[in-house]
Amino acid sequence: MRAFIRLAPAALAFAVTLGLACKDSNAPTATPQTIAKLAGDTQLALTGTPLNDSLVVRVLGSGGSPFAGAVVTWAVTSGSATLGATSGTTNSQGQAFTTVTVGGTPGPVAVQASVTSLAPVTFTATACDHPGIALGDTVAGVLATSDCRINGYYTDFFELPAATGPRGVRLTMTGAFDTWLEMYRPAGFVAFNDDIDSTTTNSRIDAIVPADAYLVEPSSLDLFATGAYALSAVPRPAELAGCSLVWTTRGVVISDSVTTTDCVDSTGGVAHYADIVVMYLEAGTVLKVSHQSTAFDAALFLHDAANHSVASNNDSAAGTTNAYLQYPVVLSGGYALFVATNAAAASATGPYTLTISSSTTPSGTAPLQRQGPQVLRVAPLRMRKGRLQRLWSPAARGTM
């Protein structure tokens, strides 16, 4: 009996092992059944830069469940690009990733993701050329179906350096089609224009910008428009005058003067004078502006694109006539900043200094984090014909 007792544990172990072996031998081997693109297809990037988003595939097994542990192989099958990873295994969600940096050759790029025994999937991307343009240059271009296309709009790209600032810039685009012009910097969107005025469909941007590298993007108002155009970049004074619309951006310091030929608000029968700058602000950021003058009582008025007053300031603190404005941006879009006088008299004119902080957050908070290049991500929506004229009419500008 003792012998049986001593042998029992070994016999049980053998029986369990035998049972498991028999069970495993009859079970089907789990294999991947499908691979599909999950994210990252049809992106654009400037030549030599990474795509904004990773390429992501999902592998599923039997019953449509995520398949973990599948080996995914990545390969560039056409065009010029480098991959962050050429292979990887799927995670618990059945997903595998790689990053892509397009090469120096403009044009289409194809990246294939494959798993053994499954039909591969192919991601496409486009590498966009971005030759340089300098102040004083005029270049001839063509919007063509082979160009990079953003939401249906064929678009070209030109790098414009500004080694020093503040720098006054005038960009003009003329063409046989209804033109559209945009300007970016690495931190985001700067300016756009559809029509110079109501008599033309050509585009112009007047801007005062800090030292930085800028990207100028000639395009069209209408979807899928093509044709020849000319783009010029010329210097202009870094000043505001005559109630004209001048774009600017964060990090700029403008020294100018309020005069009786600037924007005027005659509400109540007395005149208040102001210069005006236009900015594109992103929701979730904070705008911080100071307006200082020893010649007059300074005031600031900020209006949104619908001409609603969203913020204002007269005296930033007791005992001072300078103005300081801090505005948490709720809606992304164009904003008009009136750099104004508070005193209602013709003598209330003179020099001032306008400082727009480069900071996008209140003091003591972390800066806004950006993921990858933004120059192709914003692509502001085209506006219907005449909308800018209604938003920025002289009558609207005169109301502060």
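Keep in mind the model is a prediction, meaning the values are calculated, not measured.
The aromatic rings of Phe296 and His291 are tilted relative to each other, their planes meeting at an angle between 30° and 60°.
By the 4.5 Å heavy-atom criterion applied to side chains, Ile356 and Thr248 are counted as neighbours.
Checking side-chain atoms of Thr105 against main-chain N and O of Ser80 turns up no donor-acceptor pair under 3.5 Å. For the pair Gln43 (side chain) and Asp53 (backbone), a donor-acceptor distance under 3.5 Å is present. The backbone N or O of Leu46 lies less than 3.5 Å from a partner atom in the side chain of Thr49, making a donor-acceptor pair. Formation of a donor-acceptor pair under 3.5 Å by the Asn91 side chain with backbone atoms of Gly94 is found in this model. Between the side chain of Thr285 and the backbone N or O of Ala283, no donor-acceptor pair lies under 3.5 Å. Remark: the backbone N or O of Ser198 is not paired with any side-chain donor or acceptor of Asp195 at under 3.5 angstrom. The main-chain N or O of Leu300 is never found under 3.5 Å from a side-chain atom of Asn313 such that the two would form a donor-acceptor pair. Under a 3.5 Å cut-off, the side chain of Lys288 and the backbone N or O of Thr360 do not form any donor-acceptor pair. No donor-acceptor pair under 3.5 Å is formed between the side chain of His303 and the backbone N or O of Val310.
Under the 4.5 Å side-chain heavy-atom criterion for Ile, Leu, Val, Met, Phe, Trp and Tyr, Leu215 and Leu160 are members of the same hydrophobic cluster.
Every pair passing salt bridge (Lys or Arg N to Asp or Glu O under 4.0 Å) that includes a residue from residues 231-247 is listed here, sequence neighbours excluded: Asp206-Arg236. Evaluation of the salt bridge (Lys or Arg N to Asp or Glu O under 4.0 Å) test over residues 131-155, restricted to residues two or more places apart or in two chains, returns none.
Side-chain polar atoms of Tyr153 and Asp222 form no donor-acceptor pair below 3.5 angstrom. Side chain to side chain, Gln33 and Thr31 meet the donor-acceptor criterion of an N or O pair below 3.5 Å. Checking Thr172 against Arg204 by side-chain atom types alone, a donor-acceptor pair falls below 3.5 Å.
Val56 pairs with exactly one of Asp41, Leu38, Thr98 by the side-chain contact (heavy atoms from CB on, under 4.5 Å) rule, that one being Leu38. Just one residue in the list Ser220, Ser219, Ser203 forms a side chain to side chain donor-acceptor pair (under 3.5 Å) with Thr179, and that residue is Ser203. Here the rule is ring pair (Phe, Tyr, Trp, His ring centres under 6.0 Å) with Trp247, and of Tyr280, Phe192, Tyr335 only Phe192 fits it.
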- Decide side-chain hydrogen bond (donor to acceptor under 3.5 Å, both in side chains) for Ser357 and Ser359; before the verdict, give the C-alpha distance in whole Å, the side-chain angles of both, and the deciding distance to 0.1 Å. CA-CA 5 Å; Ser357 174; Ser359 172; 4.6 Å; no
- Message: With side chain to side chain contact (heavy atoms under 4.5 Å, CB included) as the criterion, how do Leu337 and Met279 come out once you've worked through the C-alpha distance, each side chain's angles and the decisive distance to 0.1 Å?
- Response: CA-CA 8 Å; Leu337 178 67; Met279 293 174 289; 4.0 Å; yes
- side-chain hydrogen bond (donor to acceptor under 3.5 Å, both in side chains) evaluation trace for Tyr229 with Asn202: CA-CA 10 Å; Tyr229 66 86; Asn202 295 322; over 6 Å; no
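Leu240 approaches Asp262 most closely through the heavy-atom pair O-OD1, 4.3 Å. The two atoms that bring Ala191 and Ile205 nearest to each other are CB-CG2, 3.8 Å, heavy atoms only. When all heavy atoms of Ile276 and Ala336 are compared, the pair lying nearest together is CD1-CB, 4.0 Å. Taking each heavy atom of Asp212 and Pro186 in turn, the nearest pair found is OD1-CD, 3.6 Å.
We find the CD1-CG distance between Ile133 and Leu171 to be 7.5 Å, quoted to the nearest 0.5 Å.
Under the salt bridge (charged side-chain N to carboxylate O under 4.0 Å, His left out) criterion, Asp256 pairs with no residue at all, not counting sequence neighbours.
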